[in-house]
Amino acid sequence: MDGYVGKLLNINLNDGSGKEFTVPEEILQKYIGGKGLGAWLLFKGLEPYVDPLDPENVLLLMTGPLTGLSIPAMNHLSICTKSPLTGTLVNASIGGDFAVKLKSCGYDGIILRGCSPRPVLIDITESRWKIRDASKLWGTNVVQAQELLESSVASILCIGPAGENLVRYATIVSGEHTAQRGGTGAVMGSKQVKAIRVGGSFDTSVFDRERLKGPVRSIKDKLKVTGSYPKYGTAGNIAGSNEKGVLPTRNFSAGSFDHYMKISGDALRSQIRRKAFNCPGCPVDCTSETKIATKSGSLRVKGPSYQPLVMLGSNLLIGDLDVIVRNNYACYLLGLDPISTGGTIALAMELSEKGRMDLPLRFGSAREIGPVLPLIANRKGPGNELADGAARLVLKYGYSDQCMTVKGMELPGYDPRGCWGQGLAFATYPAGGSHIGSMMAAPEIQGRPVRIPGGKSAGRVRLTVFAQNMFNSIDCLVGCFRASYCLAAPSEWMRGLPSWLTGFFAGRTPSIAASFIDLTDYYNAVSFVTGIRYKRSAFLRVGERTFNLERLFNLREGLTSKDDSLPLRFIGEPFQEGEISGKVVPLTKMLLKYYRLRGWNEVGIPTEQLLRKLAIEERP
C-alpha cells in the first residue's frame with residue numbers, strides 16, 4: 001500500500017535475533033499507523049497482566065503513512081508500550097527527525113521484545129541492522145550519549161540514567177525532543193537498550209503526488225499564520241491559566257499563584273535567545289532556546305514550556321525562573337518527566353509538612369529541589385521512593401486524597417475545577433492523567449479553537465468525546481498535537497463570527513460546534529498518500545476505534561469504571577475564593593452521559609453493538 005514501507009523490524013533482545021513483520025492491509029486501513037497500529041500490536045502481542053518491566057513487555061516505535069514526505073507537523077514518532085507507572089497502554093509522542101530517519105531505513109516501525117544480557121546500541125541503516133555493545137555509554141546523560149553517537153546521516157533515540165535505573169516516569173529523548181509521559185524510558189532501560197541510531201535513503205511511494213500538493217500547501221499556509229500559536233511557545237498560557245483560576249499551585253490546593261508573572265511567557269521572553277528545536281519543515285514555535293550561567297561561562301539550553309513552568313514552578317510555590325529552567329534542564333539530561341517529577345515532589349512536600357516523610361522538601365524552598373533530581377534518577381537515598389511516583393508513595397505513607405494522579409499518572413498543569421471537560425478527559429483517558437489525549441483545556445481556558453462559556457457540563461461531555469476521537473485520529477497519523485491548534489481550526493467563515501455566537505454553539509449545541517472544526521487537510525493528505533479514500537467521518541472513526549481498543553486493553557488488565565476517577569480535591573474541595581470559587585467537577589453526572597455517548601454500558605464497558613459497528617474483533 002502506498003505511504004507505507006510495508007514491514008516492521010521485530011527484534012528479540014534475548015538472543016539478538018530479528019525478523020520482518022508485515023501488517024495486514026485491512027489493519028492498516030482500520031488504524032492507519034502510529035498510536036492506532038501500536039495499540040493493535042500491543043493488544044495482539046502482549047499477554048494480560050505482564051509486568052511492564054518484565055522482558056515480555058513490548059516497546060513499539062511507530063511511524064505513519066505521512067512520515068518523511070516533507071509535510072510539516074506530520075513527522076512525530078509514536079512510542080507505545082504497557083506503562084510501568086500506570087499498568088495501562090501508553091502512547092508517548094516525540095518530535096524531531098527520528099521518525100523520518102527510521103522510515104528512510106526501510107521500516108514503518110520497530111518492535112522490541114525481550115531483554116539484552118548487556119547494555120546495547122541498535123544501529124539500523126537501509127534494511128540492515130546490528131546490535132552493538134553500549135556498556136561504555138551506560139551511565140551517561142542524554143547529551144553525553146548523543147554526542148558520543150553523533151552522525152551526520154543518522155538520528156538518535158536514547159535514555160538517560162532515569163531509564164537505566166527504571167524510574168517509573170523515565171523519558172526517551174531524541175535531540176532536544178522528549179517522549180515524556182508514562183515511563184517509556186524505563187521500559188527501554190529494562191531491555192538494556194541505551195540508544196537506537198537510524199538513517200537510510202529509502203523513499204516512500206505516494207498514490208497521487210499532484211493532488212497531495214493541495215493539502216500540503218494548505219498546511220504550510222495555516223502554520224505560517226502570525227498569532228496562530230503563542231510567540232514564545234506554550235509558556236504564553238501561564239497568565240491565562242492564572243486569571244481563570246486553574247493554575248496548579250501548592251499541589252493543586254490553590255488555582256492562582258501570587259508570583260505567576262515571574263514564571264510567565266513575558267518573564268521567559270527576556271531570556272529567550274532564539275527560536276529553536278523545531279521538527280523538520282515546521283515553522284511552529286513550540287520551543288525556544290535560553291541561556292543559563294555555569295561555572296565556565298554560560299550554556300544554551302531548551303527553554304521550559306508551560307508544563308515544566310507549572311509543575312516545577314507554581315505547583316511547588318517556586319517563582320524563581322532561573323531555578324525552574326535549571327531543574328527542567330536537569331530533568332531533560334537525566335531522562336525524567338518534569339510533570340511526574342513535579343507532581344511527586346509536590347506530594348512529598350505535603351507529606352513532609354505533615355511529618356509523614358523526613359525530607360528537606362518544603363513549598364517555596366527552591367534550593368532543595370535540584371539535589372533531589374539526580375537522587376531520583378539514580379534511585380539513591382530518598383530518591384528511590386520518589387522514583388516510583390506519587391501513587392505508590394501514598395500506598396506507604398497514606399493521605400491518598402493529596403495524591404494528584406489518575407490511574408497512577410501525575411496530573412499536568414490544569415486544575416479541572418475550572419475546566420470540567422478537561423477533568424472528564426483526565427478521568428477517562430486510557431493512559432491516565434494526561435492532557436495530550438483531548439486538550440479540552442484549550443477551548444475552556446485559552447478559547448482555542450472556540451471558547452466554551454459558562455459553567456454547565458452538558459456541552460462539555462459531547463465535546464470531550466469529539467476531542468478524544470479527533471486527537472486519537474491525529475495520533476494515528478503521528479501528527480503534532482500542538483500544530484493541530486492551527487490545522488484543526490474552525491472553518492474560515494466561522495472565524496468571522498462573533499465570539500458570543502461561536503461560544504453559544506460550543507456550549508449549547510456541541511455537535512454543531514464540532515462539525516465546524518476543519519479536518520480536511522488531515523484526511524485529504526492521508527487519502528492522497530495511501531489511495532484509501534477517507535472522509536471526515538471515516539477519519540474520526542479511526543480515532544474512535546483506537547480509543548475503544550485502548551479501553552478493551554485496560555479492561556483486560558483489570559481496570560474498571562472505578563478507575564475513571566479524579567482526586568478528592570477536585571470533586572469535594574472547592575476553592576473558597578477566586579475565579580472558580582465554590583466549584584467542583586460534577587464527575588458522576590458527566591460520566592453517566594459520557595458512557596452513554598460512547599456507546600458503553602453503565603459500568604463503562606463497550607457494548608457488542610458498538611464493537612461490531614467499529615469493526616473491532618478483539619475482546620477483553
Side-chain angles (χ1 to χ4, degrees), residues 1-10 18-45 60-80 91 93 98-111 124 126-127 129 198 200-216 219 472-479 519-546 549 614-618:
M1 185 188 298
D2 289 314
Y4 300 91
V5 178
K7 58 187 179 182
L8 305 174
L9 177 58
N10 187 357
K19 57 185 178 180
E20 294 177 355
F21 175 78
T22 301
V23 180
E25 286 195 12
E26 175 192 0
I27 300 301
L28 293 178
Q29 292 183 36
K30 280 185 177 181
Y31 296 103
I32 298 180
K35 180 183 184 179
L37 186 52
W40 181 82
L41 287 166
L42 280 174
F43 196 101
K44 301 293 285 188
L60 303 171
L61 311 179
M62 307 300 299
T63 68
L66 305 186
T67 305
L69 297 177
S70 301
I71 306 175
M74 301 295 172
N75 294 302
H76 277 214
L77 179 76
S78 181
I79 304 176
C80 301
N91 171 74
S93 178
F98 187 89
V100 174
K101 296 285 190 178
L102 170 58
K103 202 168 181 182
S104 75
C105 292
Y107 296 108
D108 291 311
I110 302 172
I111 305 171
I124 305 174
E126 198 162 333
S127 296
W129 59 277
V198 296
S201 57
F202 181 89
D203 287 327
T204 305
S205 62
V206 174
F207 178 74
D208 193 334
R209 287 190 180 273
E210 191 60 34
R211 296 183 71 187
L212 179 62
K213 292 179 181 178
V216 172
I219 289 170
N472 255 22
S473 298
I474 294 171
D475 265 337
C476 291
L477 297 178
V478 206
L519 301 174
T520 307
D521 291 332
Y522 287 111
Y523 60 77
N524 276 349
V526 71
S527 297
F528 298 149
V529 168
T530 64
I532 305 299
R533 188 60 178 162
Y534 290 92
K535 294 292 188 180
R536 177 187 172 91
S537 59
F539 178 65
L540 288 170
R541 187 64 53 83
V542 172
E544 182 183 6
R545 182 179 297 117
T546 299
L549 186 61
L614 295 175
I616 297 176
E617 299 175 358
E618 293 71 26

Short side-chain to backbone donor-acceptor contact, S104 and G200, under 3.5 Å: yes
Interatomic distance, T63 atom OG1 to L77 atom CG [nearest 0.5 angstrom]: 8.0 Å
Test item: Y31 and L549 side chains (from C-beta on) under 4.5 Å apart, heavy atoms: yes
Atom of F528, atom of R533 and distance for their closest heavy-atom approach: CE2-NH1, 3.6 Å
Test applied, side-chain contact (heavy atoms from CB on, under 4.5 Å); reference residue, I71; option that passes from L477, L66, D521: L66
Heavy-atom pair with the smallest gap, counting every atom of H76 and A99: O-CB, 3.4 Å
Heavy-atom check, side chain of V529 versus side chain of Y4, under 4.5 Å: no
Within-4.5 Å side-chain heavy-atom neighbours: V542 and Y534: yes
Test: K103 cationic atom under 6.0 Å from F202 six-membered ring centre, within 45° of axis: no
Parallel, tilted or perpendicular: ring planes of Y522 versus F539, cut at 30 and 60 degrees: parallel
Smallest separation among heavy atoms of K30 and E617, with atom names: NZ-OE2, 4.1 Å
Side chain D108, main chain L8, donor-acceptor under 3.5 Å: no
Criterion side-chain contact (heavy atoms from CB on, under 4.5 Å) on L41 and C80, from CA distance to verdict: CA-CA 9 Å; L41 287 166; C80 301; over 6 Å; no
K35 side-chain N/O to T546 backbone N/O, donor-acceptor pair under 3.5 Å: no
Test log, rule side-chain contact (heavy atoms from CB on, under 4.5 Å), inputs K44 and E618: CA-CA 8 Å; K44 301 293 285 188; E618 293 71 26; 3.7 Å; yes
